[in-house]
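Hydrogens, waters and symmetry mates are skipped; everything else that's a heavy atom, side chains included, is used. Worth saying up front: this structure is predicted, and the values here are computed from it rather than measured.
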Amino acid sequence: MQRIDFEQMTATAAEAFATHGIAGIGMRELARLWGVSLPTLYYYFGSKEQLFEAVCDGVYSRALQ
């Protein structure tokens with residue numbers, strides 16, 4: 001089974017959202033970037049909006065430290 005590195009995934013997503021905007025990149029492209037299947041991505045994050053929330057939570061947590 002493939003190990004999922006959530007910290008790396010959210011960091012990559014943050015870069016993609018910053019570059020393309022949330023509407024400018026799809027879950028399929030993000031799954032391809034990470035080398036995971038689209039169903040795997042949806043299993044862990046549910047939706048692009050939930051992935052964006054995870055990115056924001058990570059940024060906020062790091063800012064508080």
Side-chain angles (χ1 to χ4, degrees):
M1 182 172 198
Q2 183 178 3
R3 184 177 176 282
I4 304 297
D5 184 348
F6 291 103
E7 190 170 317
Q8 180 61 38
M9 291 175 84
T10 55
T12 304
E15 290 177 29
F17 290 144
T19 302
H20 304 286
I22 192 169
I25 191 158
M27 293 292 271
R28 187 173 311 279
E29 291 86 6
L30 290 168
R32 201 175 351 229
L33 277 174
W34 297 322
V36 299
S37 69
L38 190 57
T40 298
L41 188 57
Y42 276 108
Y43 176 81
Y44 285 103
F45 292 104
S47 68
K48 186 167 42 169
E49 289 76 18
Q50 288 176 326
L51 173 57
F52 186 73
E53 287 177 16
V55 168
C56 292
D57 288 345
V59 170
Y60 182 71
S61 294
R62 285 189 297 279
L64 288 177
Q65 293 174 347

Measuring from atom [atom1] of [X] to atom [atom2] of [Y], what distance do you get when rounded to the nearest 0.5 angstrom?
| X | Y | atom1 | atom2 | result |
| --- | --- | --- | --- | --- |
| L41 | L51 | CG | CG | 6.5 Å |
| L33 | R28 | CG | CZ | 13.5 Å |
| Q50 | Y44 | CD | OH | 15.0 Å |

task = Measure up the F52 and F17 rings against each other and bin them: parallel (under 30°), tilted (30 to 60°), perpendicular (over 60°).
result =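 It falls in the perpendicular class, over 60°.
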For the residue pair [X] and [Y], what are the closest heavy atoms and their distance?
| X | Y | answer |
| --- | --- | --- |
| V55 | A13 | CG2-CB, 3.7 Å |
| V36 | M9 | CG2-CE, 4.5 Å |
| K48 | M27 | CA-SD, 3.7 Å |
| A54 | F45 | CB-CE2, 4.0 Å |

ask   = Going by atom types only, do Q8 and T12 share a side-chain donor-acceptor pair under 3.5 Å?
value = yes
